[in-house]
Amino acid sequence: MDKLILIDGNSIIYRAFFAMPPLTNSSGQQTNAVYGFTTMLLRLLEEHKPTHVMVAFDAGKVTFRHEGYQDYKGGREKTPPELSQQFPLLKELLEAFGIAQFELEGYEADDIIGTLTKRADESGRNVIVVTGDKDMLQLASGHVTVGLTRKGVTEVEVYSPAEIQERYGLKPEQIIDLKGLMGDASDNIPGIPGVGEKTALKLLHQYGSVEEVLAHTDELKGKMKERIETHAEDARMSKKLATIYRDVPLDKTWDDIVFGGLRTEKAGAALAKLEFKSLLERLSLSAESGSSADMAEAVADVLIVREDNLEEVEKALDAVEVVHVETYGDNPHQAQVIALVLGTLDRQFFIPFELMASQEAGSIRSWLSNPQRKKRGYDLHRADLALHWHGVEFAGAEFDVQLAGYLLDPTDANQTLTGLAAKYGLPSIRPDEEVFGKGAKYKVPEEDVLADHLARKAAVIQELIPSQQKQLEENEMKELFFGLEMPLSRILADMEKQGVLVNVDELKALGKEFEEQIARLVQEIYELAGVEFNLNSPKQLGEILFDKLGLPVVKKTKTGYSTDAEVLEKLAPYHDVVQNILQYRTIAKLQSTYVEGLLKEISDKTGRVHTYFRQTVAATGRLSSQYPNLQNIPIRLEEGRKLRKVFVPSEPGWLILAADYSQIELRVLAHISDDERLKEAFQNDMDIHTKTASDVFGVAPETVDANMRRSAKAVNFGIVYGISDYGLSQNLNITRKEASRFIDQYFDVFQGVRRYMDEIVKDAKRDGYVKTLLERRRYLPEINASNFNLRSFAERTAMNTPIQGTAADIIKLAMVHMDQAMSERKLRSRMLLQVHDELVFEVPEDELEMMKELVPSIMESALKLLVPLKAEVSYGSNWYEAK
DNA sequence: TCAATCACG
DNA sequence: ACGTACGTGATTGAG
């Protein structure tokens, strides 16, 4: 039986380009789109074993669609050169693979595919169409299924007519009616303005087609009727544009697209030329033993563990390679635990959570909690927390593939197991959303489906480890991973479980004060404005300020007037209401985010807030904090700073102790730039902003006034962020020229810094990434972009990331050392929070003296730099007092 | 779900 | 000439 795969080449390469991490070969040629396309292709070939394969491309700038509508695909961004350069590479590779490529002047890839599917339908051949374009769903039929890429390119979701019916309630041929009504911004197909997918579907479910909708507009009412009537012609035209032409004069036969397996010699050479090493390995691998075959075996052998066969797991515990804990819920402290899978080399054990929590499973629980028994898995940090709140302890994490994936490419947002499997060319894992559904539709599937899904996950985790291990090794990141991030992961979990006690009465009292202030301000604002409106709506506020009161427009946003604090400051002199609005914003923020928000997050079990530090999101290597975010508790303004009083020790008589690094980023800069002046400043522990002012303005430090110091401080910030004259001018409210002069003067004095900035950008352009002192990497695919904005952004990031990232490395090191020091000394003190350059502890009184010395000393010696690190410690009865 | 705003380092 | 400071998360309104 023939099986055909027809690929929409333009659509897939376009998506691959935007979805894939940066990748350039040694000659600087970007290859990410080709790489993404190829991994997807290999996956398809493996999974479907097609007899025929063809890739279609668009040809010619003008197609027959332009004849009726010149603006077709108008307004579309030009294809970036980084992408268009990759077309020839892809075509060459397909040639080497022995895969047919069709293109025909005046037609798009869709039309070629549409024509072939029509012929296939007629001759009873089975086809899978692969594209990123939903329009192509119109081609689905008894013989034709359409695979849509999702999130990246390697995941393909397959639609048969039944699945289209289920998803949209439409027949395939109605997809064009859908487009007719809703249009498509990316192709500049207008549709009917104001009609999106929801409305369009409602209309189609009722009337069936564009023509029928238009014939029954008398049954509609209000705005909708008006819109549809005025844009009837647009809808007809849009439908026509969305219709794939299926009679392209294509002079080809099925024999022209026969696929005879990869011509490995040529294919190998082509892959080698592109420097796709992992794909090369994968091909030779799958030629011999086939990792997917191994996995199929393992997955086939899943034991669903019950009370009566528990013994089998117990016997296998020594051989367990991988632990996978399936949880549900974003907040790991509140997540459910669905089930666990323990994977050995030859079989998998699926353990429903109820069994895990039962009396009978004691031996498994003690295995899980034994730190000597090493575990490997995906997001073990989350597993640890979720299990903890269900009475099951977890210890001994040795390798976390999510964490490794993050270190290997921290900007890859898709660190799901599905994404990692795709990226490493492993057998695909169905996305969780697909298996469980999401939001209200979430439902744990039948046990056999669940067991199979989780077993696949465990198998993929197992296969990921050696690849990641090797890459970590190649990138010299093993110490960072095993010595820093893995140990830190456990420490974070301990901090989070501990939580921070909140004084609820105090918090509520603050809330009451804010509430009164808000009521007063709102009244006053309504009176001054002469009208009541929703103060929280920037849109309504803008209308009042600019239309009604006629204040000058300072700045606009994409959607209308800007009303942010910077704008309001400028408007304050014009009208008394403005100052009140600023005050309202300040208090309303405190109330909604910090009083109400914090109250919601207090655990009824512990009376504390248990934040979750995310270790795999920030591109620079910093942590982030969620549920609640305890890294942005107010401090700058006294009104907000009072909130810190509610964070108190969890035991009577204990104290809050906080220690923060002084100027860590500029000290790091002094080290990595080896700038003489900057080093000298820190070696003598000078006030860095005053010193900068004195050097830049060429005056004695004693004569630096507040204004000069303020400017110097802004320049220092700018330097750390990757300076631009425009940014500095905005910050200091000066002209770009003046800012530019400042920067020049700065660089004349701090020549080492100038050298660093030049070098790091050059390195980034050469390597495609930058790294921190501890070898943490960040790829910068846009560093060589031809688009000025993209490139400039990447250049600033190249300057900033090693600084911010190294600072993150240092405090993480300090945390690991601190944890070690506290347990060696058997201290009862606990580390509670990390706020980028600050660590917060709760300490018993009798440990205060010890901790006052220990914390700063460990922080200062975390890493030896060319300049000293400095940490300042303070303490009090709550976080506010620890200042 | 996105955009605007604002809290922190 | 181009037009932005680096990194996060939470809340709100509006489509």
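Scope of the values below: all heavy atoms of this structure, side chains included, with no hydrogens, waters or symmetry mates.
Side chain of A/Lys438, nearest nucleotide from C/dT8, B/dT5, B/dT1: B/dT1. If you check C/dT8, C/dC6, B/dA4 against the side chain of A/Thr797, the one that comes closest is C/dC6. The A/Thr593 side chain lies nearest to C/dT11 when the options are C/dT8, C/dT4, C/dT11. Each of B/dA4, C/dG9, B/dG9 was ranked by its minimum atom distance to the side chain of A/Pro538; first place goes to B/dA4. Between C/dG7, C/dT8, C/dT12, one nucleotide has an atom nearer to the side chain of A/Ser624 than all others, and that is C/dT8. Ranking C/dA5, B/dC8, C/dA10 by closeness to the A/Tyr627 side chain, first place goes to C/dA10. Nearest nucleotide to the A/Lys589 side chain, out of C/dG15, B/dT5, C/dA5: B/dT5. Distances were taken from every side-chain heavy atom of A/Lys558 (C-beta onward) to each of B/dC8, B/dT5, B/dA4; the shortest belongs to B/dA4. Set against B/dT5, C/dC2, C/dG7, the side chain of A/Arg622 has C/dG7 as its closest nucleotide. Minimum atom distance to the side chain of A/Asp564 is reached by B/dT5, of the listed C/dG7, B/dT5, C/dG9.
Both A/Gln540 and A/Tyr594 lie near DNA chain C, and the one whose nearest nucleotide falls closer to the 5' end is A/Tyr594.
Rounded to an integer number of Å, the gap from CD1 of A/Ile518 to P of C/dT12 is 10 Å. The nearest whole Å value for the distance from the CG atom in A/Leu582 to the P atom in B/dT5 is 12 Å. A straight line from CG of A/Asn789 to C1' of C/dC2 spans 6 Å, rounded to a whole angstrom. When the P atom of B/dC8 is taken as reference, atom NZ of A/Lys883 falls 15 Å away, rounded to whole Å. Between the P atom of C/dT8 and the OH atom of A/Tyr721 lies a distance of 13 Å, rounded to the nearest Å. Atom CD in A/Glu566 sits roughly 13 Å away from atom P in C/dT4 (whole-Å rounding). Between the P atom of C/dT8 and the CD atom of A/Gln615 lies a distance of 15 Å, rounded to the nearest Å. A straight line from NZ of A/Lys812 to C1' of B/dG9 spans 15 Å, rounded to a whole angstrom.
Using a cut-off of 4.0 Å between Lys/Arg side-chain N and Asp/Glu carboxylate O, A/Glu485 and A/Arg776 are scored as salt-bridged. A salt bridge does not link A/Asp675 to A/Arg754: none of the charged side-chain nitrogens sits closer than 4.0 Å to a carboxylate oxygen.
Closest heavy-atom contact between A/Arg608 and A/His610: O-CD2, 3.6 Å.
When heavy atoms are screened at a 4.0 angstrom cut-off, A/Ala565 is found touching the sugar-phosphate backbone but no base atom. The residue A/Arg585 sits close only to the backbone: its heavy atoms come under 4.0 Å of sugar-phosphate atoms, none of a base. At the heavy-atom level, A/Ile803 lies nowhere under 4.0 Å from the strands shown. No contact: A/Gly722 has no heavy atom under 4.0 Å from any strand. Counting non-hydrogen atoms under 4.0 angstrom, A/Ala808 reaches nothing in the nucleic acid. As judged by a 4.0 angstrom heavy-atom cut-off over every strand, A/Asn536 is placed among residues touching the sugar-phosphate backbone only. As judged by a 4.0 angstrom heavy-atom cut-off over every strand, A/Thr801 is placed among residues making no nucleic acid contact. Counting any heavy atom pair closer than 4.0 Å across all strands shown, A/Asn629 reaches sugar-phosphate atoms only and no base atom. The residue A/Leu623 sits apart from the nucleic acid: no heavy atom pair falls under 4.0 Å. Note on A/Val835: only backbone sugar-phosphate atoms sit closer than 4.0 angstrom, heavy atoms only; bases stay farther off. Using a 4.0 Å heavy-atom distance criterion, A/Gln804 is classed as a base contact. Counting non-hydrogen atoms under 4.0 angstrom, A/Arg778 reaches the backbone sugars and phosphates but no base. As judged by a 4.0 angstrom heavy-atom cut-off over every strand, A/Ala714 is placed among the base-contacting residues.
For C/dA14, the OP1/OP2 oxygens have a side-chain nitrogen or oxygen of A/Ser537 closer than 4.0 Å. Between C/dG7 and A/Thr620, no contact under 4.0 Å exists linking OP1 or OP2 to a side-chain N or O.
For the P atoms, the distance linking C/dA5 with B/dT5 amounts to 13 Å, nearest Å. Taking atom P in both B/dC6 and C/dC2, one finds a spacing of 28 Å when rounded to whole Å.
The cationic atom of A/Arg736 (NZ for Lys, CZ for Arg) does not lie both less than 6.0 Å from the six-membered ring centre of A/Tyr726 and within 45° of the ring axis.
Under the 4.5 Å side-chain criterion, counting only non-hydrogen atoms from C-beta, A/Leu551 is in contact with A/Val578.
Taking the 5.5 Å centre cut-off and the 30° plane limit, the aromatic side chain of A/Tyr726 is classed as stacked on C/dT4.
Using a 30° and 60° split on the angle between ring planes, A/Tyr442 and A/Phe436 fall in the parallel class, below 30°.
For B/dT5, the paired nucleotide is C/dA10, the pair qualifying as Watson-Crick or G-U wobble because both relevant distances are below 3.5 Å.
Judged by distance alone, with hydrogens and angles left aside, A/Arg796 brings a side-chain donor or acceptor within reach of the base of C/dT4, the pair sitting under 3.5 Å. Judged by distance alone with a 3.5 Å cut-off, no donor-acceptor contact links the side chain of A/Arg614 to the base of C/dG9.
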Inset, instruction - Assess whether side-chain contact (heavy atoms from CB on, under 4.5 Å) is satisfied between A/Lys812 and A/Arg622, documenting all intermediate values. - result: CA-CA 9 Å; A/Lys812 282 176 165 178; A/Arg622 277 187 174 185; over 6 Å; no
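Under the side-chain contact (heavy atoms from CB on, under 4.5 Å) test applied with A/Val770, the options A/Thr797, A/Val761, A/Ile760 reduce to a single match, A/Ile760.
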